[in-house]
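What follows is one structure encoded as structure tokens, with my remarks underneath.
One is the number of the first residue; the rest follow in order along the sequence. Below, each value reflects all heavy atoms present in this structure, side chains not excepted, and no hydrogens, waters or symmetry copies.
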Amino acid sequence: MSKLNIDQKTIKLLLTDKHSDFLIPDYQRPYAWGEDECATLWDDLFTFAFPNDDCDAFKSTSDEYFLGPIVTFKNDAGQLEIIDGQQRLTTIMLLLRAFYDKFANMKDKQSIKVRDSIAGCVWKTDEFDDPDMDALKIDSEVASDSDKDEFLDILRHGAVGPMAHSAYSRNYAFFSKRMAEMTSEWPSYIALFAARILNNVILLPIEAESQDTALRIFSTLNDRGLPLADADIFKSQFYKRFSIEGRKDEFVTRWKALEETANLIFKPTSGTPLDELFTRYMYYRRAKKGIRDTTTKSLRDFYSDSSYEILREDATLDDLESLLVFWKRVDAQEGFSERVARRLFVLNYAPNGMWLIC
């Protein structure tokens, strides 16, 4: 039986732990939270910290706000590789860094103390608990995220440059603006707000003994309602196989190309463009087997059959790339006779994708 380390922790306890060294791996999705999600988080945290706008109604010894799980495993470099919880942890780091910057010029005892606590969450510390400003508690290697350096730069320097354009920058600016407004209206509340977030907001770190176990937990959690595209589950299966074969970099490059092209071609009404590609490939596989039954398994059920057997086949990624090239040609109406192009145009507006099995 696989071993799991599960122990709910406050944000402060989790991030100030000497062993907390998080990595957002290259197979993860880019950061996707926008201002709406950040506004919801801010409002929820404020309501939690100041019930009915009453500072004294909060019970510091018992009140807790559960933010969600963080699923990790320790990789060969000793880092905690994040399998699930990347979006919320990234956002928390941006929020804490904005608080740290806000307290920079405050001289009251509470603000200084909270700022010191935040420093231990953002940066690694020495044996005297002094932060090493060159060593962040989190790193990102997301291959398809061209803005990840902007995220790390914000954490290091606490500033958004004039050319900054990423979701990281927008969300950091959003939190900074909300803090400025709060300080203007309730100047004595800002340090309390940060302290209550640090000490009473709860995360559930789940550390698996291996990547395989972490991925299974990841799939199980998201099958139970947490938002995750089917293609992300499939990506983790591909990634695992290519990593075992020593071809991780090759996979990351090929997957990024698939993702970028699918985003240009497919505009599905539900799911992601890559989900759409996997749907069309599912119908292709069904057609090859002669399956014409109109009752179709869900995308995840279809691919998870026999422990993701289809995704473990050597030819599957090649097939997906070839299928995407075909649909790119269809989208551009390239290389088809006028008669075929007209039919493809009509079929693209069919009410469902079942024609793909014909």
Side-chain angles (χ1 to χ4, degrees), residues 4-22 24 33 36-72 80 82-100 102-103 109-123 125 129 137-138 171 174-175 178-179 182-183 185-186 188-208 214 217-218 220-222 224-228:
L4 299 176
N5 292 323
I6 305 174
D7 184 17
Q8 71 173 32
K9 293 183 178 181
T10 65
I11 287 178
K12 181 179 177 180
L13 283 177
L14 175 64
L15 295 178
T16 57
D17 190 309
K18 295 288 187 183
H19 299 100
S20 291
D21 183 10
F22 293 101
I24 305 171
W33 274 32
D36 287 346
E37 289 85 359
C38 291
T40 298
L41 176 64
W42 177 275
D43 292 342
D44 287 350
L45 291 176
F46 186 89
T47 300
F48 163 71
F50 305 106
N52 301 314
D53 290 339
D54 183 353
C55 176
D56 297 325
F58 184 82
K59 298 178 178 62
S60 61
T61 58
S62 59
D63 285 353
E64 293 180 342
Y65 179 92
F66 181 67
L67 195 56
I70 305 290
V71 181
T72 65
L80 293 171
I82 301 171
I83 298 295
D84 192 33
Q86 163 208 357
Q87 304 287 330
R88 67 179 65 92
L89 186 57
T90 298
T91 304
I92 285 297
M93 295 299 285
L94 291 170
L95 175 66
L96 293 180
R97 190 59 179 84
F99 271 123
Y100 184 84
K102 184 64 184 174
F103 295 134
K109 180 181 176 181
Q110 289 81 6
S111 296
I112 292 171
K113 195 167 185 178
V114 173
R115 191 170 193 259
D116 288 342
S117 294
I118 292 173
C121 295
V122 176
W123 292 280
T125 55
D129 291 330
K137 282 288 184 78
I138 190 168
N171 292 345
F174 169 82
F175 287 134
R178 282 295 183 94
M179 289 172 196
M182 184 177 177
T183 304
E185 192 168 355
W186 297 294
S188 61
Y189 280 20
I190 191 73
L192 268 177
F193 190 27
R196 289 171 180 179
I197 290 172
L198 285 171
N199 297 321
N200 295 82
V201 173
I202 304 298
L203 290 164
L204 183 65
I206 304 173
E207 185 181 338
I217 296 167
F218 174 58
T220 302
L221 285 173
N222 285 287
R224 294 178 181 171
L226 297 179
L228 182 75

* Hey, could you give me the CG/OG1 distance between Asn200 and Thr61, rounded to the nearest 0.5 Å? => 8.5 Å
* Asked: Listed by chain and number, what are the ring pair (Phe, Tyr, Trp, His ring centres under 6.0 Å) partners of Phe22, not counting sequence neighbours?
  -> none
* Taking atom CD1 of Ile202 and atom CG of Leu13, what is their separation to the nearest 0.5 Å? -> 8.0 Å
* Name all residues meeting the ring pair (Phe, Tyr, Trp, His ring centres under 6.0 Å) criterion together with Tyr65; count only those two or more places apart in sequence or in a different chain, and write none if there are none. => Phe48
* Asked: Residues in ring pair (Phe, Tyr, Trp, His ring centres under 6.0 Å) with Phe175, at least two apart?
  -> none
* What residue pairs, at least two apart or across chains, pass salt bridge (charged side-chain N to carboxylate O under 4.0 Å, His left out) with a residue in residues 53-64? -> none
* Would you please name every residue forming a side-chain contact (heavy atoms from CB on, under 4.5 Å) with Gln110, sequence neighbours left out? => Asp108, Ala191
* **Partner residues of Thr125 under the side chain to side chain donor-acceptor pair (under 3.5 Å) criterion, sequence neighbours left out** => Lys18
* Not counting sequence neighbours, which residues clear side chain to side chain donor-acceptor pair (under 3.5 Å) with Asp116? List them please. => none
* Shortest non-hydrogen contact between Ser117 and Thr16, atoms and distance -> O-CG2, 4.1 Å
* Structure fact -> Sorted by chain and number, sequence neighbours left out, ring pair (Phe, Tyr, Trp, His ring centres under 6.0 Å) with Trp42 holds for Phe193
* To do: Would you give the length of the straight line joining atom CG of Leu192 to atom OG of Ser60, rounded to the nearest 0.5 angstrom?
  => 9.5 Å
* Criterion side chain to side chain contact (heavy atoms under 4.5 Å, CB included) on Leu80 and Ile70, from CA distance to verdict -> CA-CA 10 Å; Leu80 293 171; Ile70 305 290; over 6 Å; no
* Asked: Is the distance between the ring centroids of Trp186 and Phe46 less than 6.0 Å?
  -> yes
* Just by distance, do the side chain of Thr40 and the backbone of Asp36 share a donor-acceptor pair under 3.5 Å? -> yes
* Excluding sequence neighbours, so at least two apart, what forms side chain to side chain donor-acceptor pair (under 3.5 Å) with Arg196? -> none
* Backbone N or O of Cys38 within a donor-acceptor pair of the Asn171 side chain at under 3.5 Å? -> no
* Not counting sequence neighbours, which residues clear side-chain contact (heavy atoms from CB on, under 4.5 Å) with Thr183? List them please. => Lys102, Met106, Ile190
* Structure fact -> For Lys9 and Pro205, the nearest pair of non-hydrogen atoms, with its separation, is N-CD, 4.1 Å
* Asked: Where do Cys55 and Tyr189 come nearest, in terms of heavy atoms and distance?
  -> CB-OH, 3.3 Å
* To do: Return the minimal non-hydrogen interatomic distance between Asp7 and Leu204, and the atom names on each side.
  => C-CD1, 4.3 Å
* Does the pair Leu95 and Met179 meet the rule for a side chain to side chain contact (heavy atoms under 4.5 Å, CB included), with working shown? -> CA-CA 10 Å; Leu95 175 66; Met179 289 172 196; 3.6 Å; yes
* Hey, could you give me the CZ/CD1 distance between Arg88 and Ile11, rounded to the nearest 0.5 Å? => 11.0 Å
* Asked: Between atom CH2 of Trp123 and atom CD1 of Ile118, what is the distance when rounded to the nearest 0.5 Å?
  -> 9.5 Å
* Looking only at heavy atoms, what is the nearest atom pair of Lys12 and Asn199, with distance? -> CD-OD1, 3.4 Å
* Would Leu67 and Leu41 satisfy side chain to side chain contact (heavy atoms under 4.5 Å, CB included), going step by step from the backbone distance to the final call? -> CA-CA 9 Å; Leu67 195 56; Leu41 176 64; 3.8 Å; yes
* To do: Could I get the full list of salt bridge (charged side-chain N to carboxylate O under 4.0 Å, His left out) partners for Lys113, not counting sequence neighbours?
  => none
* Does the pair Arg178/Asp43 count as a salt bridge with the N-to-O cut at 4.0 Å? -> yes
* Asked: Under 3.5 Å, is there a donor-acceptor pair between the side chain of Ser111 and the main chain of Phe103?
  -> no
* What distance separates Thr91 OG1 from Leu96 CG, expressed to the nearest 0.5 Å? -> 11.0 Å
* Which residues pass the side chain to side chain donor-acceptor pair (under 3.5 Å) test with Thr10, sequence neighbours left out? -> none
* To do: Evaluate the side chain to side chain contact (heavy atoms under 4.5 Å, CB included) criterion for residues Leu89 and Leu15: first the C-alpha distance (whole Å), next the side-chain angles of each, then the deciding distance (0.1 Å), finally the verdict.
  => CA-CA 10 Å; Leu89 186 57; Leu15 295 178; 4.1 Å; yes
* Search all heavy atoms of Thr72 against all heavy atoms of Ile82 and return the closest pair with its distance. => CG2-CA, 4.1 Å
